[in-house]
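Accompanying notes for the structure given below.
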Amino acid sequence: MNIAITRLKEKETDDKDRCLRHGHDCYSVFPLFSRLYSDEIDEFIRMATQKQFDCIFFTSALPASLIAPKLATVPLPRVIAIGPQTAKILRSSGVPCEVLPQFYSKAFVPYLGSWIAGKRIGIPRADVPNDALISAIHEADAMVEEYRCYALCPTYELIDLSDSSTDAILFTSSMSFTACVWKRHPGLLTIAIGEVTAETMTRAGITPDIVGDGSLEGTLDEINMYLLLHP
């Protein structure tokens, strides 16, 4: 299949190589771009280098790519990556990390278990609320400091998928779906990278044909399973 994958504008990925390994082609489409908040990034790095956190949680790949190179030589606390791509970026910069068994922020507190009590958690992230995560951390008797490192802004670019050269569109986040301006042909498959994105799509009246596990690799596996069942 030829898959359109939503990504941040001007952000390089290795999607094409990973899709080819699963027997598919792909290209990026851009419903969103990022606007960086340099002061917040610098403040997070300052706090991390001063050992102000017991744990750092990277909830996406972008803050990992912005911050990890500045932390490579710093004695770090426990570092958690939300998924394999975020972990890959951290480790490539010399930052050891753990990966959540489920690639959703709601898995963070259950993963840490009783260890989290009394700890100070630093989270560099997008300027998008995640009240459920913050409440869960507080309910676990931990402290949390969020650093809103960047905004996610709609590009308002029309993504024209009205011809049959594209077989599917893969939405990689809820925001990439809600910000997307698109035309589709009747046979186009809609794919959610994970259950949170799927819920957003369903509320908007588009039930995804395929739902992944929150990672691109897992979603590609689900695509291939779907194609086996729907030849």
Side-chain angles (χ1 to χ4, degrees), residues 7-8 10-15 17-18 34-152 172-173 193-194 196 213-218:
R7 290 300 184 192
L8 285 176
E10 299 176 352
K11 186 76 174 66
E12 292 184 12
T13 70
D14 59 354
D15 291 346
D17 288 341
R18 290 192 281 170
S34 59
R35 186 173 68 244
L36 302 184
Y37 300 157
S38 298
D39 289 348
E40 281 286 287
I41 295 168
D42 291 344
E43 179 62 12
F44 175 83
I45 292 169
R46 185 185 71 81
M47 293 288 284
T49 55
Q50 291 183 359
K51 304 179 183 179
Q52 296 299 307
F53 307 121
D54 299 296
C55 179
I56 296 172
F57 182 29
F58 286 94
T59 60
S60 65
L62 180 57
S65 66
L66 295 170
I67 291 167
K70 304 291 181 67
L71 301 181
T73 60
V74 176
L76 289 172
R78 194 171 184 180
V79 176
I80 311 295
I82 196 168
Q85 186 63 18
T86 302
K88 179 181 177 182
I89 290 169
L90 291 168
R91 290 166 179 163
S92 69
S93 293
V95 176
C97 64
E98 304 165 50
V99 185
L100 294 180
Q102 295 177 301
F103 310 138
Y104 304 100
S105 60
K106 67 180 182 181
F108 176 70
V109 172
Y111 174 74
L112 293 181
S114 60
W115 179 88
I116 196 174
K119 302 299 193 299
R120 189 175 184 183
I121 314 298
I123 307 179
R125 59 190 307 273
D127 191 4
V128 179
N130 190 337
D131 294 338
L133 172 62
I134 301 309
S135 295
I137 292 172
H138 287 154
E139 288 168 7
D141 295 322
M143 298 161 284
V144 60
E145 293 189 21
E146 292 185 280
Y147 293 79
R148 304 293 180 96
C149 294
Y150 60 100
L152 293 172
T172 55
S173 68
I193 198 166
V196 175
D213 67 350
S215 70
L216 180 59
E217 296 286 345

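This structure is a prediction, so every number in the text was calculated from the model and none was measured.
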Using side-chain heavy atoms (C-beta onward) and a distance below 4.5 Å, is [X] in contact with [Y]?
| X | Y | answer |
| --- | --- | --- |
| M143 | K119 | no |
| K106 | V196 | no |
| V109 | I137 | yes |
| I123 | L133 | yes |
| Q85 | D14 | yes |
| I134 | E146 | yes |
| I67 | F58 | yes |
| L71 | V79 | no |

Using a cut-off of 6.0 Å, state whether more than 12 heavy atoms not belonging to K88 lie near its atom NZ.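 Atom NZ in K88 is not crowded, with 12 or fewer foreign heavy atoms closer than 6.0 Å.
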Reported [atom1]-to-[atom2] distance for the pair [X] and [Y], which is rounded to 0.5 angstrom:
| X | Y | atom1 | atom2 | answer |
| --- | --- | --- | --- | --- |
| Y150 | L152 | OH | CG | 5.5 Å |
| Y111 | E98 | OH | CD | 3.5 Å |
| L8 | S173 | CG | OG | 7.5 Å |
| L62 | I89 | CG | CD1 | 8.5 Å |
| I45 | K70 | CD1 | NZ | 4.5 Å |

Taking the inter-plane angle between the rings of F44 and F53 on a 0 to 90° scale, is it parallel (under 30°), tilted (30 to 60°) or perpendicular (over 60°)? parallel
List the atom of [X], the atom of [Y], and the distance in Å for their closest heavy-atom pair.
| X | Y | value |
| --- | --- | --- |
| A142 | I116 | CB-O, 3.3 Å |
| V95 | A68 | CG2-O, 3.7 Å |
| C97 | R91 | O-NH2, 3.0 Å |
| G118 | D54 | O-OD2, 4.4 Å |
| L90 | A64 | CD2-CB, 3.8 Å |
| T86 | A81 | CG2-CB, 4.0 Å |

Per the side chain to side chain donor-acceptor pair (under 3.5 Å) rule, what does the pair list look like for residues 129-143, sequence neighbours excluded? S105-N130
For a side chain to side chain contact (heavy atoms under 4.5 Å, CB included) with I80, tell me which candidate from I121, L112, I56 qualifies. L112
When you measure from the side chain of E217 to the backbone N and O of S215, does any donor-acceptor pair fall under 3.5 Å?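 A pair under 3.5 Å: no.
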Would you say E40's side chain and Y147's backbone share a donor-acceptor pair under 3.5 angstrom?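 No: the side chain of E40 does not pair with the backbone of Y147.
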Residues that E43 engages under side-chain hydrogen bond (donor to acceptor under 3.5 Å, both in side chains), provided they are two or more places apart: R46
Only counting residues at least two apart or in another chain, list the ones meeting ring pair (Phe, Tyr, Trp, His ring centres under 6.0 Å) with F108. F57
